[in-house]
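For reference, the structure discussed in these notes is given below.
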Amino acid sequence: MYIFDSVQKIKREFISLKKNEVSLYVCGPTVYDDAHLGHAKSALVFDLLSRVLRAEGYHVKYARNITDIDDKIIKKASELGVSIKEITDKYTEAYHVDMAHLGIQRPDIEPKATESLDAMFLMIQNLLDRGHAYQISNGDIYFDTVSDAEYLSISHRVQNEDEKQNRVLNSDEKKNSADFALWKSVNDGDISFDSPFGKGRPGWHLECSAMIEKHLACENVSKYAIDIHGGGADLLFPHHENEAAQTRCSTNHEIAAYWMHNGFVNIDGEKMSKSLGNSFFIKDALKIYDGELLRFYLLSTHYRSNFNFNDEDLLASKKRLDKLYRLKKRLFGLEVHSDMQTAFKTKLLHALKDDLNVSTALSVIDEMISSVNETLDSAGKHKELKREAMIDMAYIEELLGFGLQNPFEYFQTGVDKETREKLQELIEKRNIAKKEKDFATSDSLRDEILSYGVTIMDTPQGTFWERV
RNA sequence: GGCGCCAUCGCCAAGUGGUAAGGCCGGAGCCUGCAAAGCUUCUAUCCCCAGUUCAAAUCUGGGUGGCGCCUCCA
């Protein structure tokens with residue numbers, strides 16, 4: 001397995017801290033609103049990663065957090081006059097529903113900030129004890145960035161002159177403008193939590209560091225807490241930089257051995273943002289597109305590239321996914337359960353092992369589809385070939401998470417029962433006309449069938465219709 | 001302004017030193033009563049300039065053009 005480490009900025013061979021085990025932590029959503037396509041992309045990428053690692057034989061411990069303490073949640077709750085739990089429960093559930101539609105497996109652990117406060121207190125106390133944090137007069141606790149010689153080693157940023165000047169100009173008690181809050185004290189009756197440091201709420205960077213320590217970190221094994229830490233590219237700074245600093249200074253290890261950051265999703269060439277009014281929520285996309293198609297499309301480009309979501313490309317993806325299902329149609333009826341290794345399986349995994357090279361993986365799939373179709377065309381009954389193709393298809397389902405539907409239903413989704421029956425009736429009539437070589441009638445029947453927004457195809461197995 | 005990423009066929013997109021994968025669209029053909037589906041086949045020298053090398057899309061330098069982060073963000 002090779003992984004592009006976005007901190008070292010090179011592709012590195014992946015060597016796990018513990019033999020055959022991988023700990024993976026991905027920054028999950030802040031649950032104050034519906035998830036958009038960007039959340040989908042990130043969840044999809046790391047879903048794929050965990051599948052590939054498992055296929056490689058690793059026992060994967062995958063954690064993706066739910067940030068359920070956050071100023072935006074509190075703001076929304078107070079605006080609506082409800083508890084933050086009402087907000088977070090609602091959007092956590094919505095997140096799970098969206099992810100399920102995209103075929104994303106649930107992570108092994110889904111830690112919540114509200115359930116990890118003990119770990120945060122411990123970390124803050126450690127940082128205070130070790131002289132990496134300080135409390136100011138209003139009760140806020142800050143991380144002292146100057147006390148960490150390695151600060152900025154994750155993002156490779158350099159402190160500029162402005163920031164140094166800010167330090168002097170700053171009227172508050174922060175020692176350095178780059179210092180960030182570990183604990184915000186709250187005295188104004190806002191929603192807050194009790195802590196050894198007084199009432200308040202944790203800084204958002206702290207949540208992830210603490211949850212990693214609590215749920216994933218392996219002690220005394222190496223100089224790293226976990227194997228892989230992932231998230232969106234925008235999290236590299238300041239979020240991950242600060243996470244790394246907190247962990248480094250409060251424990252005896254660095255936070256992660258490998259860092260992975262996925263690229264952004266843009267809509268028709270524009271950045272998704274609320275101010276532009278083009279946030280594309282998953283639940284809205286699902287009203288138009290099949291979840292599996294969205295999975296296929298969002299996964300079709302390398303995870304590190306930025307992704308430009310648009311209808312034209314999505315249609316091309318649909319046609320590509322259709323090919324897979326057409327082959328599945330041809331193989332329909334065959335039941336195969338086998339762990340048999342095939343050349344295809346080896347090639348597919350090999351592609352994905354290379355930093356999740358999905359493009360190559362898809363080309364391997366396309367070539368398999370073409371090759372099987374070709375053989376099937378040239379010499380009808382190839383039982384062994386069909387069996388092997390079925391095994392290969394099952395592997396695609398397992399590794400990439402698409403191709404799971406019944407192939408006939410896949411092409412017919414969204415057509416009601418009444419129409420189905422009508423179509424079946426028309427097809428039978430047409431087949432009779434065809435048999436009698438009454439092509440004028442059969443063609444007019446076909447026109448009628450087409451008017452239902454479907455297309456038909458005559459095959460050796462009979463006549464089938466598909467939604468256009 | 002600081003740090004960084006990217007530029008490959010009409011479109012999407014791999015390849016990162018050894019002579020350009022794959023998909024969509026399009027052309028031609030096979031199959032088909034005609035279609036559809038499937039199959040066969042055709043279509044790029046890699047933004048520009050200079051350099052390194054036996055050899056560069058791949059490395060170096062300089063342009064040009066996109067984009068990201070630096071504030072909450074997947």
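In what follows, every chain begins at residue 1, and chains take the letters A, B, ... in the order their sequences are listed.
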Applying side chain to side chain contact (heavy atoms under 4.5 Å, CB included), can you list everything that pairs with [X], at least two apart in sequence or on another chain?
X: A/Ile432; answer: A/Glu436
X: A/His302; answer: A/Arg304, A/Ser305, A/Asp355
X: A/Glu56; answer: A/Met1, A/Tyr58, A/Leu349, A/Lys353
X: A/Val358; answer: A/Leu48, A/Leu352, A/Leu362

With respect to the side chain of A/Arg157, which nucleotide from B/A14, B/C69, B/G38 is positioned closest?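 Selected nucleotide (nearest to the side chain): B/C69.
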
Using a heavy-atom cut-off of under 4.0 Å over every strand shown, decide if [X] touches base, sugar-phosphate, or nothing.
X: A/Gly232; value: sugar-phosphate
X: A/Asn308; value: nothing
X: A/Arg430; value: base

Can you pull the ring pair (Phe, Tyr, Trp, His ring centres under 6.0 Å) pairs that have at least one residue in residues 443-468 of chain A, sequence neighbours excluded?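 Applying ring pair (Phe, Tyr, Trp, His ring centres under 6.0 Å) to every pair that reaches into residues 443-468 of chain A, excluding sequence neighbours, yields A/Phe408-A/Phe464.
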
Roughly, in whole Å, what's the span from OH in A/Tyr297 to C1' in B/A13?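 The distance from OH of A/Tyr297 to C1' of B/A13 comes to 12 Å, rounded to the nearest Å.
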
List in chain and number order the residues that pass ring pair (Phe, Tyr, Trp, His ring centres under 6.0 Å) with A/Phe264, two or more places apart in sequence or in another chain; answer none if no residue qualifies.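 Once residues adjacent in sequence are excluded, A/Phe264 has no partner under the ring pair (Phe, Tyr, Trp, His ring centres under 6.0 Å) criterion.
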
Salt bridge (Lys or Arg N to Asp or Glu O under 4.0 Å): which pairs involve residues 444-453 of chain A, sequence neighbours left out?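 Sorted result for residues 444-453 of chain A: A/Asp443-A/Arg446.
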
Show me the pairs that pass salt bridge (Lys or Arg N to Asp or Glu O under 4.0 Å) and involve residues 452-463 of chain A, at least two apart or across chains.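 Non-adjacent pairs meeting salt bridge (Lys or Arg N to Asp or Glu O under 4.0 Å): A/Arg430-A/Asp458, A/Lys434-A/Asp458.
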
Taking atom [atom1] in both [N] and [M], compute the distance separating them and give it to the nearest angstrom.
N: B/A56; M: B/U16; atom1: C1'; answer: 10 Å
N: B/C48; M: B/C70; atom1: C1'; answer: 31 Å
N: B/A21; M: B/C46; atom1: P; answer: 15 Å
N: B/C54; M: B/U71; atom1: P; answer: 49 Å
N: B/G27; M: B/G18; atom1: P; answer: 37 Å
N: B/G68; M: B/A57; atom1: C1'; answer: 24 Å

Using OP1 and OP2 only, check whether a side-chain N or O of [X] sits under 4.0 Å from [N].
X: A/Lys72; N: B/U71; answer: no
X: A/Ser378; N: B/U40; answer: no
X: A/Asn373; N: B/C39; answer: yes

Partner set under salt bridge (Lys or Arg N to Asp or Glu O under 4.0 Å) for A/Asp234, not counting sequence neighbours: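 Counting only residues at least two positions away or on another chain, A/Asp234 forms no salt bridge (Lys or Arg N to Asp or Glu O under 4.0 Å).
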
N/O to N/O distances under 3.5 Å, protein versus nucleotides 41-47 of chain B:
none

Between A/Thr342 and A/Glu388, a side-chain donor and acceptor under 3.5 Å: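 There is no such pair (donor and acceptor under 3.5 Å, judged by atom type) between the side chains of A/Thr342 and A/Glu388.
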
Is there a donor-acceptor contact under 3.5 Å linking the side chains of A/Tyr289 and A/Asp311?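 Yes.
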
Return the residues of residues 434-456 of chain A meeting this criterion: a heavy atom under 4.0 Å from some atom of RNA chain B. Order them by number, or give none.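 Output list: A/Lys434, A/Phe439, A/Ser442, A/Asp443, A/Arg446, A/Thr455, A/Ile456.
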
Between A/Phe309 and A/Phe280, is the gap from one ring center to the other below 6.0 Å?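 Judged by ring-centre distance (under 6.0 Å), A/Phe309 and A/Phe280 do meet the cut-off.
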
Protein and nucleotides 22-25 of chain B: nitrogen or oxygen contacts under 3.5 angstrom:
from  : atom 1 : to       : atom 2 : distance (Å)
B/G22 : O2'    : A/Arg320 : NH2    : 2.8
B/G22 : O2'    : A/Asp366 : OD2    : 2.8
B/G23 : O4'    : A/Arg320 : NE     : 3.3
B/G23 : O4'    : A/Arg320 : NH2    : 3.3
B/C25 : OP1    : A/Lys319 : NZ     : 2.7

Watson-Crick or G-U wobble partner for B/G51, using a 3.5 Å limit on both distances?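 Result: B/C59.
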
Could you tell me the Watson-Crick or G-U partner of B/U40, where both distances fall under 3.5 Å? Say none if there is no partner.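 WC or wobble partner is B/A28.
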
